[in-house]
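Just below is one structure, and these are the notes that go with it.
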Amino acid sequence: MLEIDGVSINYGPVSAVRDVSLKVEQGEIVALLGPNGAGKTSLLSAAMGLRPLAAGSIRFKGEDMRRLDTESRVRRGLTLTPEGRKVFANLTVLENLDLGAATRARGADFHADIEMCFELFPILAERRHQTGGSLSGGEQQMLAIARSLMSRPSLLMLDEPSLGLAPRIVGQIFRLIRDLRQRDLTILLVEQNAHEVLRFADRAYVLSTGECRYSGPAARLQEAGALMQAYIGELVA
Amino acid sequence: MNTIAFAERTRGGRPFLDARLAGNLRGALWLALIAAAIGLFVMAFGSPFIVRLTATAFINLIAVVGLQIFMGNSNVVNIGHAGFMALGAYFTAIFATPVMIKATMIPNAPFGLAGVEVGALYAFLISVGLTSLIGLLSGLVLVRLAGIAATILTISILVIVQGVLVTWTDLFRGAQAFFGIPKVVGLGLIVAAAAAVLVVARLFKGSRAGVQLRASATDPLAAEAMGVDVKRLRLVAWVLGSAVVGCAGALYALYAGTINARAFYFHTAFLTLAMSIVGGMRSVTGAMVGVALLTVLLELIRIVEGGITVFGIAFPEMLGLSGLMLGVIIVGVMCFRSDGFMGGHEIEEVVTALRRRLVARKREA
Amino acid sequence: MDYLIEQALNGFSIGAQYSLLALGLAIVFSVMGLVNFAHGEFIGVAGYAMFAMAAMGMTDPLLLVVFAMATVTLVALVLERIAFRPVRNAPSTTGLLTAFGVGIILQNLFLLMVSPRPKAVPELSALNQTVDVWGHNFTILQFLEVGVTTVAIAGLVWFLKGTRIGLAMRAAALDFTTVRLMGMRANRVIATAFAISGLLASIAAIFFIARRGAIDPFMGLLPVLKAFVACVLGGFGSLPGAVVGGLLLGFVEVMLIVLLPDKLAGLRDASVFLIVGAILVFRPQGILGRRVELGDKTA
Ligand SMILES: Nc1ncnc2c1ncn2[C@@H]1O[C@H](COP(=O)(O)OP(=O)(O)O)[C@@H](O)[C@H]1O
Ligand SMILES: [Mg+2]
């Protein structure tokens, strides 16, 4: 579904990602792991067209993404829930969801989708008229995910959804991500929280200082835990 | 960040500081020499018209350098400088104009100023001093503000000064011209003053205060975190800039002999601001380049503006053409080279780069 | 008492114009961080558009008004496209200076194509007729100013709360990148902001021209400075702040007209700016604004 091939990304003279390739197949949950500053966020931003590629190509559903702007990518079913949630703090929960569906008209299925989001996250229904800024961290993350779902994506990319959340909430979020698979959704999950994620991901990639260090089944990464521990060591734990 | 590290390093390393000072002095000297050369050339060969044009250009240069001292280092757009020019001119006029003329012009001047008359030099010094004092008072308010709020305050200063000038008729003659100021300043003195001011601006830019101020303009939080007192530095630049701009006004009064409040309003503010932008407001050399470019260009356009005949075709009068070009140049510079002609560089850097290229080419040959 | 009521409406109607101008400035600023110094020239564009139409024999006031509004909105869009888009991601100083250049261009175009001297635009002068309401003397224009401005602000609120693009504009004030992530085109959001700012300015311009009955190339300068003042008073970039700041400014002006004798008329503008200076000393963030520190991203 998503094929990232030999991608490099630069910030001015600084190289953030070098020659990284990554593939996500229909129906998979793929984990993209790696320590802080590894280049994970940069890679997702490039996939959405927010950062230019210095080299390589990105294909989605077989189509070359390089010439499409962010809007067109969203329309084709690619969505990113950004790092740090980035809910619109001055907009209400409903307005946040509304904007999440920016590429679609406000038809009947739009209202159905809002109801679907509220079913998935009952707490958001309660808070629907509150501003995004007034929500707790966990609620904001739920809103961010719900907002992404409003564009009816086929591939959902989540950038560190567990960042700064209490362990109980993290478990809740991860359970939800697993449930999303049942909704015909393919997921690319960026995390530093490797242990939890490897339990339910199909495959995993490990990025470190801009280079790909592992790609393969998630289970093997778990088995080879000791080996990986030595490699990423305390950075991941 | 780089510049902050730079500013930090300059605290300790003595030898480095001297090398830097030498570089700044060299650059300043270059500018002063070029100014002097142009001045001498015009004095020797220029027609009265060219001399007048050059004198005005150099007065503008002093104002633009004053503008650069604050704007170029603190990165806050300043539109109020024309007000300080007005203050410099009017204070000089009030103190230097002979009592006899004042008796008919401003007989009811307050504080017995109608009966005061000092030599032109003292009048100049008093006026620059008073202008700096007003700069200090306004600066205390200004440095508390950031970005656009600070710019609005500079506009406020311009409007307030203008309002006071045209309303306080007993002292400033209101909307009427203030004349009879002794015309003791010629092109030579103006050029000398411009050269001095160029040196001052270069030395300030290169001083620790200047370097820290520019660093704080790019990254204020980091600068504050490193213990740089941004407000104090901005105040220093503002007062120094005001003094230099006031100096431009004072010289203008002593050169022209007649001044008018309307001449120190938005038009002057915008013209000098444009000169600063076109040359590159972060560079002192840019001030000189901007003044030179726009003076020549606008003068050429003015010929066309008045209606000319080319190859037998008579073009009509086109008032507004020079203004239009001015605007187009500003927008063009902003879109394609937002750092202006000099791109923030100074003359000695350009000279060094040229020399290096020349040497390289020689070696190739 | 009568006098007080009349002056109050006067303050409201003058303040309404400033509010409209300030709102346009604030919208563009909040969405893209541009301080549009050329905003005042929209008044000139409206004025000269009406003048040109009238010169061609079209003197129906309603037609002129519609034409002026359409022209200003179009000019706003064109300026965004050719002058402001290239500097969209540049530092705010670059944007401010670009706008300043655009203002100079427009002023001199009026000057070059029409005349440096003021021209009469008398078609809307009928609005200055006084009407008698419960023994008070008001002009039709004053009612229109207050009424139309209220409707325009209500419309704006509806737009910002009710439409997708309006939501996007509000969201973009804090985080444009994420707005783009939602699949909202940046160009569309910014162009809409400009169109709205032009539309609001054209309404203010029509009132302004109806009051003066004449136009000149530099007529936009003072109003835009006042609109800046209104924005600063209310906290730059805040939309409610722009409205409140504009109204406040209207009242202050009316007060100054009443208080200052004609001999000191030259000090009216100076006093307005003096008051601004004083307010900024005590509340650098404006009356409604949040605190902006040196080096904050806004302004
Ligand atoms: N806006 C930026 N400007 C300059 N460098 C950046 C920027 N964003 C990220 N980087 C650099 O790119 C590298 C990768 O960052 P990022 O993609 O955020 O990593 P991750 O998401 O894995 O933590 C880091 O070294 C970081 O310093
Ligand atoms: Mg990241």
Side-chain angles (χ1 to χ4, degrees), chain B residues 71 75-77 79 138 140-141 143-153 155-167 174-175 216-217 219-221 223-224 230-231 234 266 270 273-274 277 281 318-336 338, chain C residues 29 35 82-83 86-87 90-113 115-116 217-218 221-222 225 228-229 231-232 236-237 263-274 276-278 280-281 284-286 292-296 298-299:
Chain B
M71 214 165 76
N75 203 23
V76 171
V77 176
I79 301 174
S138 57
L140 289 173
V141 179
V143 295
R144 292 163 49 95
L145 303 178
I148 182 66
T151 301
I152 297 286
L153 190 69
I155 295 173
S156 307
I157 292 171
L158 183 59
V159 177
I160 291 168
V161 167
Q162 183 73 201
V164 171
L165 290 184
V166 299
T167 312
S216 72
D219 198 343
L221 293 183
E224 295 245 7
V230 179
K231 286 181 184 165
R234 292 216 313 181
F266 281 101
F270 287 166
L273 184 60
I277 297 166
M281 69 180 198
M318 290 181 279
L319 284 178
L321 194 62
S322 56
L324 183 66
M325 286 312 293
L326 191 66
V328 170
I329 292 168
I330 293 173
V331 174
V333 166
M334 283 300 123
C335 289
F336 300 111
S338 64
Chain C
F29 178 79
V35 179
I82 61 176
V87 296
S92 64
T93 310
T94 308
L96 171 65
L97 294 176
T98 306
F100 158 71
V102 168
I104 295 182
I105 292 177
L106 288 174
Q107 288 170 0
N108 285 283
L109 275 179
F110 304 144
L111 203 156
L112 191 63
M113 298 198 307
S115 163
F218 306 103
L221 182 61
L222 211 55
L225 292 181
F228 272 123
V229 167
C231 282
V232 170
F236 217 97
K263 200 167 78 83
L264 296 180
L267 281 181
R268 277 173 197 154
D269 288 333
S271 312
V272 169
F273 281 94
L274 199 63
V276 172
L280 288 178
V281 173
Q285 72 276 36
V292 178
E293 273 298 327
L294 274 174
D296 244 11
T298 53

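So you know, we letter chains A, B, ... as the sequences are listed, proteins then strands, and number each from 1.
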Inset, instruction - State, to 0.1 Å, how close B:Val76 and B:Met71 come at their nearest heavy-atom pair, and which atoms those are. - result: O-CG, 2.9 Å

Legend entry - Residue, of B:Met281, B:Met325, B:Gln162, B:Met334, that accumulates the most heavy atom pairs under 4.5 Å with chain C: B:Met334

Inset, instruction - Could you tell me which of C:Thr98, C:Val272, C:Asn108 has the largest number of non-hydrogen atom pairs under 4.5 Å with chain B? - result: C:Asn108

Legend entry - chain C contact via B:Ile277 - side chain, backbone, both or neither, heavy atoms under 4.5 Å: side chain

Inset, instruction - Compare every heavy atom of B:Ala149 with every heavy atom of B:Leu145, then report the nearest pair and how far apart it is. - result: CD1-O, 3.8 Å

Inset, instruction - Pick whichever of B:Cys335, B:Gly174, B:Gly320 has the most heavy-atom pairs under 4.5 Å with chain C. - result: B:Gly320

Inset, instruction - Using a 4.5 Å cut-off on heavy atoms from C-beta on, say whether the side chain of B:Leu158 contacts that of C:Phe273. - result: no

Legend entry - Separation of B:Leu273 CG from B:Phe266 CZ (nearest 0.5 Å): 11.5 Å

Legend entry - Proximity breakdown for B:Val164 and chain C, heavy-atom pairs closer than 4.5 Å: both

Inset, instruction - Locate the shortest heavy-atom distance separating C:Pro217 from C:Pro116; write the atom from each residue and the value. - result: CD-O, 3.6 Å

Inset, instruction - May I ask you to name which of B:Val166, B:Leu153, B:Leu140, B:Ile155 has the most heavy-atom pairs under 4.5 Å with chain C? - result: B:Ile155

Legend entry - Interface moiety of C:Leu274 toward chain B, non-hydrogen atoms closer than 4.5 Å: both

Legend entry - Side chain, backbone, both or neither of B:Ile329 within contact of chain C (heavy atoms, under 4.5 Å): neither

Legend entry - Partner chain B: residue of C:Val87, C:Thr94, C:Val276, C:Leu109 with the largest heavy-atom pair count (under 4.5 Å): C:Thr94

Legend entry - Gap separating the CZ atom of C:Phe236 from the CD1 atom of B:Ile152, nearest 0.5 angstrom: 6.0 Å

Legend entry - Nearest atoms (heavy-atom pairs only) where B:Ile157 meets B:Ser138: CD1-CB, 3.8 Å

Inset, instruction - Select one option (side chain, backbone, both, neither) describing which atoms of B:Ile330 are under 4.5 Å from chain C's heavy atoms. - result: side chain

Legend entry - Minimum heavy-atom distance between B:Ala217 and B:Asn75, given as atom pair plus value: CB-CB, 3.8 Å

Inset, instruction - Check each atom of C:Leu221 against the heavy atoms of chain B and say whether the ones under 4.5 Å are side chain, backbone, both or neither. - result: side chain

Legend entry - Region of C:Leu267 in contact with chain B, defined by heavy-atom distances below 4.5 Å: both

Legend entry - Interchain contact, C:Val102 with chain B, by part (heavy-atom threshold 4.5 Å): both

Legend entry - Under 4.5 Å from a heavy atom of chain B, the part of C:Phe100 involved: side chain

Legend entry - Which of C:Ile104, C:Leu97, C:Leu111, C:Asp269 touches chain B most, by non-hydrogen pairs under 4.5 Å: C:Leu97

Inset, instruction - With the side chain counted from C-beta on, respond yes when B:Ile79 and B:Phe270 share a heavy-atom pair under 4.5 Å apart, and no when they do not. - result: yes

Legend entry - Which atoms of B:Ser156 approach chain C - backbone, side chain, both or neither, heavy atom under 4.5 Å: both

